[in-house]
Each structure stands twice: as C-alpha cells, then as structure tokens.
Amino acid sequence: MGKQSYKKGLEGVIAAESKICRINGEKGKLYFRGYSIEELVEHCTYEEITYLLLYGMLPKKPELEDFSSRIRSFRSLPEQIRQMIHEFPSGAHPMELLQSVMSYLSSYVSHKIQHSIYCNCRDTLHQISQMTTVAATFARFREGKKYVPPRDDLSHGANFLYMLHDREPDPIEGDIMDKCFILHVEHGFNASTFTSRVVASTMSTCYCSISAAMGALYGFLHGGANERVLEMIEEIGDKKNVKDWIDKSLKEKRKVMGMGHRVYKAKDPRAKVIEKYLYQLSEKYNNFYYYEILKEIEDVFGDRMKDKGKLIYPNVDFFSGAVYRLLGIKPILFTPIFASARIAGWLAHILEQREDNRIFRPRSLYTGPEETPFVQIDKR
Ligand code: COA
C-alpha cells in the first residue's frame, strides 16, 4: 500500500457540510446562520437564538412567544429526577449527573423517536430547559438547600440565577446570564458537537447523542478552561504579581489558561463581549479584583508572546469564569452552564445531520505489526 497521510486529531479536516455556524478565525468573527454574534447578543434572548438554530431562521414575534412559552413550560423537574439528583454520589461531578439525567430523560419522557429531520427534538425542548434546573438543583442540594421551582416569567438566564439563589436577580444580572448562555450556545465542529453528530449518524436518539456530547465537553481540554482561569487568578492573588507569575509560567512551559485558540488568530469575539459584562458587573459591585488581574494578564502575556513573534489573545473562557463568580456561581457549575447552553447547538447539528445522513466511518492508519505467526500459550 502506498504512503498514506492523516491529520492528527482531524485538525482542519472537513467532516461534513453545515449551514449553522461560520467562524472567521483570522478576523475574529463568528456567525450563527449568517448573523453576527455581536448583533445577536445585543438584540436577542437565548430562546430566540435557540429558535434560530433549530428552525434555521429568526422567529417572528408570535412564533417567539409560542416557542418561549413552550420552552418555559418544561423547566420544572419531576419528583423522580429531583430524587435522582438527591441520591447522586456526593463526590460526583455535576457533568456526570447531567449526562445521566439526559439518558434517563430518554426513557422517562413520553416521546416518539423519529429518525428524521421532523424528529420531535423541536418539541421535546425540555432537554434545553431542564438542564439549567438540574445544575441549579444540584448546587443547592449539595449545600443542604431546598429545590426552588422555576418561574416562567423570567428569561432563561434570569430563571437560572433565580433557581440557584432563591432570589430574583436584578435585570442586569439576569440579562448578562442570558447573554452568557447565547455566547456558549454554538461554535461549529468542535469535539463535543462532532461527537453529537457521530452518534446521530448511527440513527441513535437525540438523548444519546447529547449525552455523548456532554461526555466530550466534560474534558478539561474542551469545557473546563474557565474553571482553571479562576484557579490561576487565585494563585496570582494580586495585579502586582502578574508579571512575575507570567515569567515563571513561561519558564516552566505552563499554559496561561483562557489565552489562545486553535481557530481564532484574533481576539475571540465572544471574549470581547464577555469582557464588557465583567466590567459592568465589576462597576456594579465595586469589585475590580478579577477584572484588573485579567486585564494585566492579557497585556503582559500578550507582550511576552509578541516578543517571541506570536500573537495570542483571550478566548471565551478568559473572562466568563470571573463573570460567573460575580454572579455568585461556584466554579463547579461552570462546565454544566456551558453544557446547558450548548444543548441547543447540539440539537441543531443533530437535526442537520439527519437531513442528509451518512454514518461516519473514518479509517485509521495502521502502524501495528505485519501478519505474525500465532504462538501457543505454553510456548510464549
Ligand atoms: N499559554 C502559553 N502558550 C501558549 C498559549 C497559552 N495559553 N496558547 C498558545 N501558546 C503557544 C503554543 O504553545 C504555541 O507555542 P509553540 O509555537 O512553541 O508550539 C504558540 O503559542 C502558538 O499557538 P497556536 O498555534 O496559536 O495555538 P495552539 O493551537 O497550539 O493552542 C490552545 C490552542 C487553545 C490549545 C492553547 O492556546 C491553550 O492551551 N490555551 C489555554 C487553554 C484554554 O484556554 N483552552 C480553551 C480554549 S477555548
């Protein structure tokens, strides 16, 4: 056989056609169904973007009202699922819980599995609405607090904060949380989205496809970076320590978390938006601790890398963890928030996969031994 080549990690390999998300890494631009993320995040709610992703177009007013009321009607958790959260091993990570609940829902919720683009994913919106309730309830139970039933008069983001803190957030907090869900809802053919499409391509259910995608997102190379940014801030402790900390990290060849991106070679457009939210919240609470350290890291690390001829900018994870901390959210919930937001994107990809399905079946480049004579066990 002639010499074959392959791309490790399938980097840059085109694995499917898609009309959902376009990223221009050189210019730092991101579009969902042709609309720029900056415009979407400024004018839309998370529910509106979910509609855009699932139906391929922005909703008209009555369509959005109907969609929002459907999605909100699924927010509360049946007793069985609350029980499941209660009994989940206390040392388990909430991502494992989310994955289990997703699989459990598949048999618990009455639905018809139809393997077509008309699959009832667009009806069974509880997948999207209930995961934020699961995350908030998990956080409350582990602190010995009671379940807070959701409210259907609040946005997706505001309701999440309400269920978590048992207090209605003020409008700025609710709005910022909702926008953070938008900024995490979709991002092309990353590892978890690809996973969801691979599973969907076997004509498995959307529940199994999403639960597999959650497993992929759980890994710290994918969904867990913002948690580590927070650890980094705690380690640095003060703006004046940043320079020494960066120099030490570079010497030790440690990665600066939240900086750099495989696709963006400019500042991640989502980071630009979240940075503004962080500033807004820092002003509101008169607490610039996170903001000042992060901006100093961005400047110092950016300069050090520039000196080496590399341009490295913040990614979406750089500022998001600090925003969540100011909203009173503990780091253990950061990846579950990401996963809850991303379900709408995964569902859009699952539906698209089914429109023109072909089961994924790549090959590996075999590098093992040639045909080898068998040796009986007593002669080995
Ligand atoms: N800290 C230190 N060095 C970094 C860096 C970081 N955060 N990001 C990139 N670099 C270095 C790379 O190691 C590479 O060095 P080299 O030329 O000596 O091999 C160089 O800068 C160019 O990197 P680039 O090709 O632009 O990025 P990449 O594809 O190698 O890495 C990431 C992309 C995301 C894996 C990397 O930036 C990273 O690990 N970032 C921190 C983790 C993180 O925030 N992840 C969330 C991503 S959304």
Side-chain angles (χ1 to χ4, degrees), residues 7-13 21-30 32 37 95 180-195 213-214 216-236 241-275 278 290 293-325 331 334-339 341-342 345-346:
K7 291 274 192 173
K8 199 168 181 182
L10 296 181
E11 191 179 338
V13 172
C21 178
R22 182 159 77 88
I23 303 171
N24 183 332
E26 293 303 319
K27 294 198 170 140
K29 301 293 288 175
L30 170 64
F32 299 158
I37 188 70
M95 281 303 288
C180 285
F181 279 119
I182 295 177
L183 292 167
H184 287 88
V185 70
E186 162 60 19
H187 206 236
F189 254 63
N190 48 69
S192 59
T193 299
F194 183 50
T195 302
M214 282 177 165
L217 188 78
Y218 181 17
F220 70 86
L221 285 183
H222 190 1
N226 55 4
E227 215 174 312
R228 286 168 184 244
V229 173
L230 256 260
E231 286 166 16
M232 177 177 79
I233 296 177
E234 298 308 337
E235 204 184 313
I236 294 173
N241 301 332
V242 167
K243 279 197 178 81
D244 288 348
W245 189 90
I246 298 269
D247 289 335
K248 190 162 168 273
S249 295
L250 285 171
K251 212 184 264 171
E252 291 169 357
K253 299 206 176 308
R254 270 173 79 186
K255 282 276 167 75
V256 176
M257 298 315 288
M259 294 292 291
H261 199 278
R262 187 56 51 88
V263 181
Y264 291 115
K265 298 305 162 205
K267 193 161 172 175
D268 182 333
R270 302 165 300 171
K272 288 188 194 165
V273 177
I274 300 189
E275 178 181 340
L278 179 59
Y290 298 108
I293 294 183
L294 286 171
K295 287 304 287 179
E296 185 73 359
I297 297 173
E298 179 182 354
D299 290 347
V300 174
F301 182 65
D303 286 349
R304 297 286 189 274
M305 295 307 275
K306 211 188 271 170
D307 292 343
K308 296 176 183 219
K310 298 169 191 165
L311 295 176
I312 307 283
Y313 303 94
N315 61 52
V316 66
D317 291 316
F318 193 66
F319 296 105
S320 61
V323 165
Y324 297 153
R325 279 311 283 138
F334 292 179
T335 315
I337 288 173
F338 187 168
R342 188 55 64 87
W346 289 330

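Counting convention: from 1, in listed order, for ligands and their atoms alike.
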Closest protein heavy atom (residue, atom, distance) for atom 13 (O) of ligand 1: Lys255 CE, 3.6 Å
Val13 backbone acceptor or donor facing Glu11 side chain under 3.5 Å: no
Subset of ligand 1 atoms that lie under 4.0 Å from at least one heavy atom of Gly258: 43 (C), 44 (O)
Ligand 1-proximal atoms of Phe301, by part, heavy-atom distance under 4.0 Å: side chain
Atom 19 (O) of ligand 1 within contact range, any protein heavy atom under 4.0 Å: no
Lys265 contact mode with ligand 1 (heavy-atom cut-off under 4.0 Å): side chain
Polar side-chain atom of Asp317 near backbone of Gly258 as donor-acceptor pair, under 3.5 Å: no
Aromatic ring pairing Phe338/His222, orientation class (parallel under 30°, perpendicular over 60°, tilted between): perpendicular
Under-4.0 Å protein heavy-atom contact, atom 35 (C) of ligand 1: no
Leu221 and ligand 1 - part of the residue with a heavy-atom distance under 4.0 Å: neither
Contact check, side chains of Ser320 and His184, non-hydrogen atoms, under 4.5 Å: yes
Show which side-chain atoms of residues 265-273 pair as donor or acceptor with protein atoms under 3.5 Å away, not counting sequence neighbours.
from, atom 1, to, atom 2, distance (Å)
Lys265, NZ, His261, O, 2.9
Lys265, NZ, Arg262, O, 3.2
Lys267, NZ, Glu275, OE1, 2.7
Lys267, NZ, Glu298, OE2, 2.9
Asp268, OD1, Arg270, N, 2.9
Asp268, OD1, Arg270, NE, 3.0
Asp268, OD2, Arg270, NE, 3.4
Asp268, OD2, Arg270, NH2, 2.7
Asp268, OD2, Val316, N, 3.0

For atom 42 (C) of ligand 1, closest protein heavy-atom neighbour: Met257 CE, 3.5 Å
Backbone of Phe189 reached by a side-chain donor or acceptor of Thr193 within 3.5 Å: no
Aromatic ring proximity, centroids under 6.0 angstrom, Tyr264 and His187: yes
Closest candidate by heavy atom, reference atom 7 (N) of ligand 1, pool Asn315, Val256, Leu311: Val256
Met305 touching ligand 1 at heavy-atom level, < 4.0 angstrom: yes
Sub-3.5 Å N/O-N/O distance, Asp317 and ligand 1: no
Atom 30 (O) of ligand 1 - nearest protein heavy atom and its distance: Arg262 NH2, 4.1 Å
Shortest protein heavy-atom distance from atom 45 (N) of ligand 1, along with the residue and atom involved: Ala225 CB, 3.7 Å
Met259-ligand 1 polar pair, N/O distance under 3.5 Å: yes
Atom pair CD1/CG of Ile274 and Leu183 - distance to nearest 0.5 Å: 5.0 Å
Residue, atom name and distance, where the atom is the protein heavy atom closest to atom 22 (C) of ligand 1: Ile312 CD1, 4.1 Å
side-chain hydrogen bond (donor to acceptor under 3.5 Å, both in side chains) partners of Glu296, counting only residues at least two apart: none
Flag, side chain of Asn24 to backbone of Arg22, donor-acceptor distance under 3.5 Å: no
Atom 16 (P) of ligand 1 - nearest protein heavy atom and its distance: Lys310 NZ, 3.5 Å
